[in-house]
Amino acid sequence: MRPEHFSSAVLKWFDVHGRHDLPWQQQINPYRVWVSEIMLQQTQVSTVLNYFDRFMTALPTVRDLAEAPEDEVLHLWTGLGYYTRARNLQKAARIVMADYNGEFPCDPALLETLPGIGRSTAGAIASISMGLRAPILDGNVKRVLARYTAQAGYPGEPKVAKALWEAADRFTPHARVNDYTQAMMDLGATLCTRTRPTCLLCPLREGCRAHLLGEETRYPAPKPRKTLPQRQTLMPLLSNGQGAILLYRRPSTGLWGGLWSLPELDSFSDIQHLVAQHDLTLLDTQALQGLTHTFSHFQLSIEPWLVRVDARAAHVAEADWLWYNLATPPRLGLAAPVKTLLERAAVALHAGETP
């Protein structure tokens with residue numbers, strides 16, 4: 001299929017069957033498109049919907065994001081995971097304000113220099129919000145093009161990525177690039193799905209090599225599987241008797257960077273040392289239900305303990321520690337497993353109250 005026929009078929013399908021009512025498709029501007037694209041990285045549309053609306057309500061402009069406290073940005077991101085995305089959002093917003101007078105540069109190459117923006121995200125911002133001809137290659141588009149061209153190999157391999165980028169550029173039209181970009185993402189998300197593609201409804205089926213071969217699910221090749229290393233940690237939830245849990249802010253770089261978290265200990269015996277470190281008095285301990293959290297490069301098994309302490313004669317004055325009130329929680333960024341453990345602690349504390 002010639003490139004112009006390819007894009008024409010995709011656009012005709014999009015006009016009738018594409019998604020036109022997603023929140024980021026309304027009041028389109030570079031800021032809204034950018035935030036949505038970052039949120040959608042490795043995250044389902046259904047999950048992003050509520051986060052996007054909440055984020056835009058709190059921080060409707062790039063200036064608002066640039067000037068917001070980091071805790072507020074991370075709080076709005078809590079639960080989405082991959083928190084480097086949120087920190088890079090704010091870094092990029094501050095650069096846009098400082099270097100570009102609050103206007104996103106109308107050049108994909110310049111967009112790509114901003115923190116957290118790769119070639120595909122830059123292409124999406126440029127094409128959807130600015131109407132510039134710029135190819136994209138997110139996960140959905142990779143799948144469509146890998147099947148259409150029967151491109152062998154894992155897309156993360158340099159040679160395979162290069163071939164797919166060449167295909168993306170070849171098929172990207174010069175007109176209606178904004179609709180075409182959205183259409184390709186929609187096609188991959190709704191029809192050309194990973195396990196059960198709906199080929200009979202696909203506008204590209206007649207030229208799709210994978211479909212002609214009857215091997216749609218063979219492409220693209222999956223990422224080579226690796227056994228994730230296993231790690232263990234003990235997380236104490238020190239409760240001061242007034243419905244608050246002791247949290248600390250993690251370093252700005254590294255795992256859960258900048259988020260508020262629970263202490264991580266090697267063994268149960270370390271709890272007493274932690275209690276003494278903060279000049280608290282240990283009252284009792286209670287095991288909570290453990291959980292396992294999977295990161296991209298390892299699996300963390302968490303052993304949580306609710307630790308009731310007497311804090312009447314002490315206070316936590318360190319800048320990177322605070323008492324987190326479970327009844328009226330402050331707006332802080334929390335890692336998803338920490339949020340879950342705080343909820344379990346609240347249930348346990350409530351169950352232990354005397355009528």
Side-chain angles (χ1 to χ4, degrees), residues 24 31-60 62 64-97 112-118 120-122 124-125 138-139 228-229 231 233 235 237 245-264 291-302 304 319-322 324 329-344:
W24 44 89
Y31 176 67
R32 290 173 64 85
V33 171
W34 168 52
V35 172
S36 70
E37 286 297 315
I38 299 300
M39 285 187 171
L40 288 164
Q41 292 172 0
Q42 300 179 320
T43 309
Q44 296 290 329
V45 169
S46 57
T47 300
V48 170
L49 289 173
N50 289 334
Y51 280 93
F52 181 81
D53 285 339
R54 187 176 64 163
F55 197 95
M56 283 298 143
T57 298
L59 306 172
V62 67
D64 293 321
L65 173 56
E67 296 177 351
E70 183 184 77
D71 276 333
E72 174 68 5
V73 177
L74 293 174
H75 170 75
L76 293 168
W77 205 268
T78 293
L80 268 178
Y82 302 98
Y83 291 91
T84 300
R85 296 183 296 173
R87 295 193 297 274
N88 281 336
L89 267 179
Q90 188 163 51
K91 290 178 185 177
R94 289 170 175 168
I95 292 173
V96 169
M97 293 303 302
E112 201 174 338
T113 66
L114 296 173
I117 297 183
S120 186
T121 300
I125 297 168
D138 71 351
L228 290 177
R231 299 183 188 176
T233 190
M235 286 190 174
L237 293 93
I245 302 292
L246 189 61
L247 299 183
Y248 82 103
R249 188 199 294 272
R250 296 183 65 92
S252 59
T253 58
L255 192 67
W256 293 336
L259 298 180
W260 290 86
S261 186
L262 295 163
E264 296 183 33
L291 58 83
T292 299
H293 187 73
T294 301
F295 295 91
S296 59
H297 53 296
F298 72 94
Q299 229 174 27
L300 181 66
S301 177
I302 302 173
D320 290 334
W321 292 85
L322 60 75
Y324 182 90
R331 295 174 69 85
L332 303 176
L334 302 171
V338 172
K339 184 178 180 182
T340 298
L341 292 177
L342 289 172
E343 292 169 352
R344 291 180 183 175

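Only this structure's heavy atoms are used, side chains among them; waters, hydrogens and symmetry mates stay out.
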Please find the pair of heavy atoms, one from [X] and one from [Y], that lie closest to each other, and give the distance.
X: Trp256; Y: Pro337; value: CZ2-CG, 3.4 Å
X: Gly258; Y: Asp71; value: O-OD1, 4.4 Å
X: Arg87; Y: Ser252; value: NE-O, 3.5 Å
X: Leu74; Y: Ala86; value: CD2-CB, 4.1 Å
X: Leu76; Y: Ala58; value: CD1-CB, 3.7 Å
X: Val338; Y: Ser261; value: CG2-OG, 3.6 Å

Worksheet item: Does the separation of the ring centres of Phe295 and Phe298 fall below 6.0 angstrom?
Response: yes
Practice prompt. Answer with yes or no after comparing the ring centroid distance for Trp260 and Tyr324 against a 6.0 Å cut-off, counting only values under it.
Written response: no
Worksheet item: Given Thr292 and Leu300, is the side-chain contact (heavy atoms from CB on, under 4.5 Å) satisfied, shown in steps?
Response: CA-CA 6 Å; Thr292 299; Leu300 181 66; over 6 Å; no
Practice prompt. Show the numbers, then the answer: is there a side-chain hydrogen bond (donor to acceptor under 3.5 Å, both in side chains) between Thr57 and Arg54?
Written response: CA-CA 5 Å; Thr57 298; Arg54 187 176 64 163; over 6 Å; no
Discussion item. Once salt bridge (charged side-chain N to carboxylate O under 4.0 Å, His left out) is applied, do any residues pair with Asp53, and if so which ones, sequence neighbours excluded?
Written reply: none
Worksheet item: How would you list all residue pairs meeting side-chain hydrogen bond (donor to acceptor under 3.5 Å, both in side chains) that involve residues 32-46, not counting sequence neighbours?
Response: Gln41-Thr121, Thr43-Arg85
Do [X] side-chain atoms and [Y] backbone N/O form a donor-acceptor pair below 3.5 Å?
X: Tyr83; Y: Thr78; value: no
X: Arg94; Y: Ala66; value: yes
X: His75; Y: Leu332; value: yes

Item to complete: Starting at CD1 of Ile302, measure out to CD of Glu264 and round the result to the nearest 0.5 Å.
Response: 7.5 Å
Practice prompt. Could you give me the CA-CA distance, side-chain angles and deciding distance for Leu291 and Arg344, then say whether side-chain contact (heavy atoms from CB on, under 4.5 Å) is met?
Written response: CA-CA 11 Å; Leu291 58 83; Arg344 291 180 183 175; 3.9 Å; yes
